[in-house]
Amino acid sequence: MSVELHLMRLSVHTHGAWMLLKQAGIEHEIKDVDLMKGEQNAPEFLAMNPLHTVPTLKHGKQCVWESNAVVRYIVNTFDSAKKFYPNDLKMRTHCDIALEWKQNTFYKGLMDVIYPIFGFIPKDEDAHNKAMAKFAVDCKDGYLYTFEHYFLNGKPFVCGDKVTIADFVIAPCFEFLDACDEIKLPEAITSYRQRFYKATNYEEMANGMGGFGARQLVEMKRSNKA
């Protein structure tokens with residue numbers, strides 16, 4: 001059965017599933033969806049995903065959306081992907097907690113400050129400045145501290161010595177933090193990013209794989225500030 005991944009290349013929210021397909025060597029086709037043009041509201045897209053979100057995976061007649069559900073579907077369906085989801089119950093639980101933390105805590109806070117910067121949603125300057133100040137504190141004392149001291153806790157990757165779906169989903173989010181001058185990553189997370197890049201060749205994906213990627217978006221916004 002054919003595998004299609006519908007995504008927007010500049011969205012780090014979609015990179016976990018994309019990276020998993022590539023690392024597992026699963027043949028797939030990328031279907032670009034321009035959210036700015038409203039392509040996610042086309043009837044043919046809504047037939048796959050009534051919530052009109054990306055990433056959306058189509059595998060034969062099966063359609064899956066919600067980023068964590070997509071990566072779990074892949075590891076539970078394709079033998080070559082199973083190695084990226086821990087077999088040990090304790091470590092699998094740790095992996096699942098990391099996935100949900102990214103989705104419901106870290107990315108939610110990130111989205112509130114980053115989306116206005118990128119023009120994804122309208123920006124009220126005063127409200128955004130207050131939100132950014134709060135986010136900077138939350139990052140230092142909450143999000144980044146939790147990732148460094150709980151999820152990594154001295155390990156090379158979230159679940160140990162090898163990358164898992166937790167890393168595929170979380171690591172790309174740090175690309176968007178590069179657009180925030182107020183946020184300084186701890187050395188442990190900077191080193192983690194470098195290990196992740198080396199283990200996965202993620203930088204190629206961050207640069208869009210031939211399209212307009214997350215890194216180009218960040219660089220464009222940073223140059224506009226200069």
Side-chain angles (χ1 to χ4, degrees), residues 7-16 18-19 35-36 53-55 67-68 97-158 163 166-200 202-208 211-226:
L7 53 72
M8 193 170 187
R9 293 172 191 257
L10 58 79
S11 171
V12 296
H13 196 50
T14 68
H15 289 181
W18 192 7
M19 178 59 67
L35 303 182
M36 301 298 104
T53 55
V54 292
S67 56
N68 289 344
I97 293 171
L99 290 172
E100 301 309 319
W101 170 82
K102 175 267 176 182
Q103 183 81 353
N104 299 308
T105 303
F106 179 40
Y107 195 78
K108 186 178 184 300
L110 179 64
M111 178 177 66
D112 289 343
V113 296
I114 289 296
Y115 280 19
I117 290 176
F118 292 154
F120 294 165
I121 60 176
K123 181 180 180 182
D124 179 287
E125 205 66 43
D126 289 339
H128 185 262
N129 288 340
K130 292 178 181 178
M132 180 59 78
K134 180 180 184 301
F135 181 70
V137 174
D138 289 343
C139 268
K140 180 182 177 181
D141 299 333
Y143 306 134
L144 300 181
Y145 184 90
T146 298
F147 186 73
E148 177 183 355
H149 296 283
Y150 178 73
F151 290 116
L152 288 181
N153 194 25
K155 304 185 300 297
F157 300 104
V158 172
V163 293
D167 301 291
F168 294 156
V169 166
I170 295 171
C173 295
F174 295 122
E175 292 292 324
F176 275 2
L177 282 183
D178 290 341
C180 303
D181 294 332
E182 298 85 350
I183 309 300
K184 303 300 180 185
L185 293 181
E187 178 58 34
I189 296 181
T190 298
S191 297
Y192 164 77
R193 291 177 73 183
Q194 295 304 316
R195 289 193 298 274
F196 180 74
Y197 296 155
K198 185 176 180 179
T200 63
Y202 172 69
E203 289 185 284
E204 184 181 12
M205 185 172 293
N207 286 316
F212 187 78
R215 191 160 293 174
Q216 287 96 327
L217 177 64
V218 170
E219 290 174 353
M220 181 180 72
K221 293 302 178 182
R222 289 187 67 84
S223 65
N224 288 343
K225 288 181 181 180

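In this chain, residues are counted from 1 in sequence order. Just the heavy atoms: all of them, side chains too, but no hydrogens, waters or symmetry mates, feed the values below. Bear in mind the structure is a predicted one, so any value in this text is a computation, not a measurement.
Between K198 and Q194, every side-chain heavy-atom pair lies at or beyond the 4.5 Å cut-off. Side-chain contact check for T200 versus D167: every heavy-atom pair is 4.5 Å or farther apart.
Taking every heavy atom of both residues into account, C173 and Y107 meet most closely at SG-CD1, 3.8 Å. Closest of all the heavy-atom pairs between A214 and V12 is CB-CG1, 3.7 Å. Closest approach of M8 and T14 over heavy atoms only: O-OG1, 3.4 Å. Residues L217 and L10 share a closest heavy-atom pair of CD2-CD1, 4.0 Å. What you find for P116 and P122 is that their closest heavy atoms are CB-O, 4.2 Å. Contact detail for A166 and V158: the closest heavy-atom pair is CB-CG1, 3.9 Å.
Residues that satisfy the ring-ring contact (aromatic ring centres under 6.0 Å, His included) test with F147, not counting sequence neighbours, are F174, Y192.
Annotation: cation-pi pair R193/F157 absent, no NZ/CZ under 6.0 Å from the ring centroid and within 45° of its normal.
Within the 3.5 Å criterion, the main-chain N or O of R9 finds a donor-acceptor partner in the side chain of H15. In this structure, the side chain of R215 does not engage the main chain of A206 through any donor-acceptor pair within 3.5 Å. Looking only at distances, a side-chain donor or acceptor of Q216 sits under 3.5 Å from a matching main-chain atom of N207.
More than 12 heavy atoms of other shown residues, nucleotides or ligands fall within 6.0 angstrom of atom NZ in K155. For CZ of F120, the number of neighbouring non-hydrogen atoms (other residues, nucleotides, ligands) closer than 6.0 Å is greater than 12. Around the NZ atom of K123, the shell of radius 6.0 Å holds more than 12 heavy atoms that belong to other residues, nucleotides or ligands.
Using the six-membered ring where Trp is involved, F176 and F118 have ring planes that are perpendicular, over 60° apart on the 30 and 60° scheme.
The structure places SG of C139 at 10.0 Å from CD of E182, a figure rounded to the nearest 0.5 Å. Residue H13 holds its NE2 atom at 12.0 Å from CG of L7, rounded to the nearest 0.5 Å.
A donor-acceptor pair shorter than 3.5 Å can be found between the side chains of E187 and S191.
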Please evaluate residues D126 and K130 with respect to the criterion salt bridge (charged side-chain N to carboxylate O under 4.0 Å, His left out), reporting the C-alpha separation (whole Å), side-chain torsions for both, the decisive distance (0.1 Å), and the verdict. CA-CA 6 Å; D126 289 339; K130 292 178 181 178; over 6 Å; no
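Between F135 and the choices I114, L110, D112, the side chain to side chain contact (heavy atoms under 4.5 Å, CB included) rule is met once, by L110. Among the candidates F196, F168, W18, the single residue satisfying the ring pair (Phe, Tyr, Trp, His ring centres under 6.0 Å) test with Y202 is F196.
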